[in-house]
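See structure below.
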Amino acid sequence: MGAFKKFAVAALALGGAGAAALWWLALPERLSPDAVAALGTGDAARGQRIFDAGGCASCHAKPKSEGEARLLLAGGVELKTGFGTFVAPNISTDPNDGIGAWSLEDFANAMLKGVSREGQHLYPAFPYASYARMKPAEVADLYAFMKTLPSVAGSAPGHTLPFPVSIRSGVGLWKLLYLSDQPVVAFADGTPDKVLRGRDLVEGAGHCGECHTPRSPAGGADRTQWLAGAAAAEGQGIVPNITPEGSGISGWSESDIASYLETGFTPEFDSVGGTMVEVQKNMARLSAEDREAIAAYLKATPPHPNGYPAPQPKPAG
């Protein structure tokens, strides 16, 4: 065999090995048996807190739903992004169209690993990159609460995604870069429990970083600019910087932040607007201790300059 042919065979072999390695790395990963055992049985009363912190109704109920209608989780809300249009699915207890037939293990795999009951990668428009930091008991509590909610028949429409986003196997490689169960902000020993409680809520169930952190071209959160503000996923707006620096809430006290989350009014007596309306509505359902913990965490996070470009002046004329 000539030298060129030997080189070509070697290159093909290496290429094949590389492709096989990528395929293996991109396979969906489920929870280990030990992780499943750590879930426990769950408590529905505690689970309602996680449901509210996570804003589940904001994405999975009909827009502008109030009262008991917020618990009808039929899905259908669209998130129009640069990667395509994602549609929130039915997560009611309907056994056919929702998640009524899911076991706790199925649910936990979706929340913590981004893997569906059928073993497919879920798209990270479902914010499991944040939920992965939740405690197993919190996932079990949320599952217990979800089981108490009404069954709603009817499947939500599917996503509308361009190639190559439509290839789910690519999500496995995305997870290698952006899926971690470790806290984003590592605090020193002796950090007050209130701050750590706030970290659990903000970095985990509350998934605040999904909107308030800049993203890479691949759509992953840039943890080096955690909570520094970002371009809005939809439209042309921006999501403010909520670190102790920048143009967002840097001048607010802990009590200002906690009050805003409860009432929707800023220290300047302005009112909450945009997509934050739904978030604030959910935060108002938490306990005062939870809102105070969130505020304490935000004041303790590393400061960052704004993570979005400064607005450009309009041309004269």
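The figures here come from the full heavy-atom set of this structure, side chains too, leaving out hydrogens, waters and symmetry mates. Heads up: numbering here begins at 1 and tracks the sequence. As the structure is a prediction and not an experimental result, all values here were calculated from the model.
No side-chain donor from either of Tyr143 and Ser103 sits under 3.5 Å from a side-chain acceptor of the other. Under 3.5 Å, the side chains of Ser32 and Asp34 contain no donor-acceptor pair of N or O atoms. Side-chain N/O atoms of Ser92 and Asp94 include no donor and acceptor closer than 3.5 Å. No side-chain donor from either of Asp222 and Ser216 sits under 3.5 Å from a side-chain acceptor of the other. Judged by distance alone, the side chains of Ser130 and Glu210 do bring a donor and an acceptor atom under 3.5 Å apart. Checked by atom type, the side-chain pair Asp52/Asn282 shows no donor-acceptor distance below 3.5 Å.
The closest donor-acceptor contact from the side chain of Asn306 to the backbone of Tyr308 lies at 3.5 Å or more, if one exists at all. Judged purely by atom type and a 3.5 angstrom limit, Asp97 uses its side chain to pair as donor or acceptor with the backbone of Gly154.
Between Glu278 and Lys64 there is no salt bridge, since none of the side-chain N atoms of the basic residue sits less than 4.0 Å from a carboxylate O of the acidic one. Between Glu254 and Lys194 a salt bridge is recorded (basic side-chain N to carboxylate O distance below 4.0 Å). A salt bridge between Glu29 and Lys113 is present, with a side-chain N of the basic residue lying under 4.0 Å from a carboxylate O of the acidic one. Ionic pairing of Glu203 and Arg223 is not present here: no N-O contact between side-chain nitrogen and carboxylate oxygen is shorter than 4.0 angstrom.
Both cation-pi conditions hold for Lys175 and Tyr128: the charged atom is under 6.0 angstrom from the six-membered ring centre and inside a 45 degree cone around its axis.
Enclosure of atom CD in Glu268 by more than 12 non-hydrogen atoms of other residues, nucleotides or ligands within 6.0 angstrom is indicated. Dense packing is recorded around NZ of Lys299, with more than 12 heavy atoms of other residues, nucleotides or ligands lying under 6.0 Å away. Atom CD of Gln280 has more than 12 heavy atoms from other residues, nucleotides or ligands within 6.0 Å.
Residues Ile294 and Met283 have side chains in contact (heavy-atom distance under 4.5 Å, counting atoms from C-beta outward). Looking at Val185 and Tyr297, their side chains come closer than 4.5 Å, going by heavy atoms from C-beta outward. Contact check for Ile50 versus Phe145: no side-chain heavy atoms found under the 4.5 Å cut-off. Residues Pro240 and Ile249 form no side-chain contact, since every pair of their non-hydrogen atoms from C-beta on lies 4.5 Å or further apart.
Centroid-to-centroid, the aromatic rings of Phe83 and Tyr123 stay 6.0 Å apart or farther.
Going from atom CD1 of Ile99 over to atom CZ of Phe107 covers 5.5 Å, rounded to the nearest 0.5 Å.
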